[in-house]
Amino acid sequence: MKTDIKDIVEIQESISAGEEISINLPKYKKYTICNLRGGIGKTTLAFNLSYLARNVLAVDTCAQGNLSYFYDNNYFTNASTNVKDMILPYIVPGLGKPTRVACRISATNQFFDDNSYYIPSSDELYILPSQLATALNQANNVQSPTKEQIVENILLSLRKETDREMQETGCSKCLIDTSPFFSGATHLAWHASDALIIPVRTDQQSINSLNLLLKTLKDPSSDFRRNMSYLTPNLKTPKIQMIILTHCTWSTQKNAKNKPNQQTKVYIEKVKDIVNRNITSFTTDNPDNHIFLLDDFLGTGRISSALSKPVLLLQQGESMRINKVKTTVNASVEKCKNQLRHISNALW
Ligand SMILES: Nc1ncnc2c1ncn2[C@@H]1O[C@H](COP(=O)(O)OP(=O)(O)O)[C@@H](O)[C@H]1O
Ligand SMILES: [Mg+2]
């Protein structure tokens, strides 16, 4: 039987037209944006959703630091403490725990004017996976129940630290951006968040990554589940709140406004098939609740990145030269804004 995507496409038409559609999803405080693949829009989403969320603590756990760069082009020299400083004391005994690591975004990004903060990344996150694996292996040699306590303390490090930072800054929401790899900070981010947001680009490699992610989430022998074999009540598996199909393109045929083109259609079907088969990993039991679409940003995205300016603040027709190429905010910018607002409304 062919997968029915009629409802998803219909809702999309209303969203594009600016109608407010309510989606019946539970609301959480802390989300991790992840998929085990790079270049699919994780950081772009984190940046734009953090702007819409307001009063949010954004956490950059990717060693590349692209999200930190959006908030402060000089974060590398400006930030005195970073996300690695928060995690390391849980792995290397004897190190002091830092406090007040978060930086106020409005201090370095002129487009933010609210009480939002971010935790800067560190390029030392590249070696965190091996440090974390060593610490967990060492803990496994210790007698129970100390072993369980040590493992729990390590795995909940980012949760405890982000909770503390939220309290110190008065932020009521938390959004964690991740690298394309599971080991290390992403592992800790899964334990730190209540639910996951998974961007999937309209290509087969992203579908493969989604399947790998689901396997990591569910398979008892995976790197994630293996460390929870002696499950303590505090260690939970996060559920998936939404899959966001990014880089969607639409039919160019006359009168076919907001109809997905063949490529987009095929990937909506593939994603819905996967959601159907894995529905117990999601926050509700209705697959249609969990699939969101985001257009290809085109020139809008390039200008947003070049200026570190949220898409929500760009207007159609604005243009600038990027690497000597004239780039313009496309007519589709209003649709992208409506899609981003819809995604944000389904989170908080
Ligand atoms: N919806 C989108 N449409 C078009 N380009 C996008 C979109 N989202 C992200 N991009 C672009 O794709 C590239 C990778 O995006 P990024 O958010 O850094 O991905 P990730 O964090 O998953 O590696 C960037 O050049 C970004 O500007
Ligand atoms: Mg990224």
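Whatever order the structure lists ligands and atoms in, that order sets their numbers, starting from 1.
- Nearest non-hydrogen protein atom to atom 19 (O) of ligand 1 is Gly41 N, 3.0 Å.
- Distances below 4.0 Å separate heavy atoms of Ser305 from the following atoms of ligand 1: 27 (O).
- Trp348 and Tyr28 have their aromatic ring centers separated by at least 6.0 angstrom.
- Protein N/O/S atoms closer to the Mg ion (ligand 2) than 2.8 Å number 1 in this structure.
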Under the side chain to side chain contact (heavy atoms under 4.5 Å, CB included) criterion, do Val271 and Val275 qualify, and how do the steps go?
CA-CA 6 Å; Val271 166; Val275 178; 4.0 Å; yes
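- Applying the side-chain contact (heavy atoms from CB on, under 4.5 Å) test between Leu294 and each of Leu45, Leu245, Thr44 identifies Leu45 as the sole match.
- Under the 4.0 Å criterion applied to side-chain N and carboxylate O atoms, Lys335 and Asp295 are assigned as salt-bridge partners.
- When atom types are taken as modelled, the side chain of Thr61 and the backbone of Thr186 share no donor-acceptor pair closer than 3.5 angstrom.
- Of all the atoms in ligand 1, the ones that sit under 4.0 Å from a non-hydrogen atom of Gly38 are 23 (O).
- Panel note: side chain Arg104, backbone Ala107; no donor-acceptor pair is recorded below 3.5 Å.
- Taking atom 18 (O) of ligand 1 as the reference point, the nearest protein heavy-atom neighbour is Thr43 CB, 4.0 Å.
- Atom 14 (C) of ligand 1 has as its closest protein heavy atom Gly39 CA, 3.7 Å.
- Side chain of Ser50 to backbone of Ala58: no donor-acceptor contact under 3.5 angstrom is found.
- Closest protein heavy atom to atom 5 (N) of ligand 1: His247 NE2, 3.3 Å.
- Electrostatic pairing of Arg201 and Asp296 does not count as a salt bridge here, judged by no charged N lying under 4.0 Å from a carboxylate O.
- The option from Thr300, Asp295, Asp296 that lies nearest to atom 1 (N) of ligand 1, judged by heavy atoms, is Asp295.
- Between Phe224 and His187, the ring planes lie perpendicular to each other; the angle is over 60°, past the 30° to 60° tilted range.
- With respect to atom 3 (N) of ligand 1, the closest heavy atom belonging to the protein is Phe297 N, 2.7 Å.
- Protein non-hydrogen atoms do not reach within 4.0 Å of atom 24 (C) of ligand 1.
- Summarising the local packing, OH of Tyr90 is surrounded by more than 12 heavy atoms from other residues, nucleotides or ligands at distances under 6.0 Å.
- Shortest contact from atom 26 (C) of ligand 1 to any protein heavy atom: Thr44 OG1, 3.7 Å.
- For ligand 1, the atoms lying closer than 4.0 Å to a non-hydrogen atom of Ile40 are 19 (O), 20 (P), 22 (O).
- Under the 30°/60° scheme for interplanar angles, the aromatic rings of Tyr71 and Phe112 are found to stand perpendicular.
- Side-chain atoms of Asn74 and Thr77 form no donor-acceptor pair, as typed in the model, at a separation below 3.5 Å.
- Annotation for ligand 1: atoms under 4.0 Å from non-hydrogen atoms of Lys42 are 17 (O), 19 (O), 20 (P), 21 (O), 22 (O), 23 (O).
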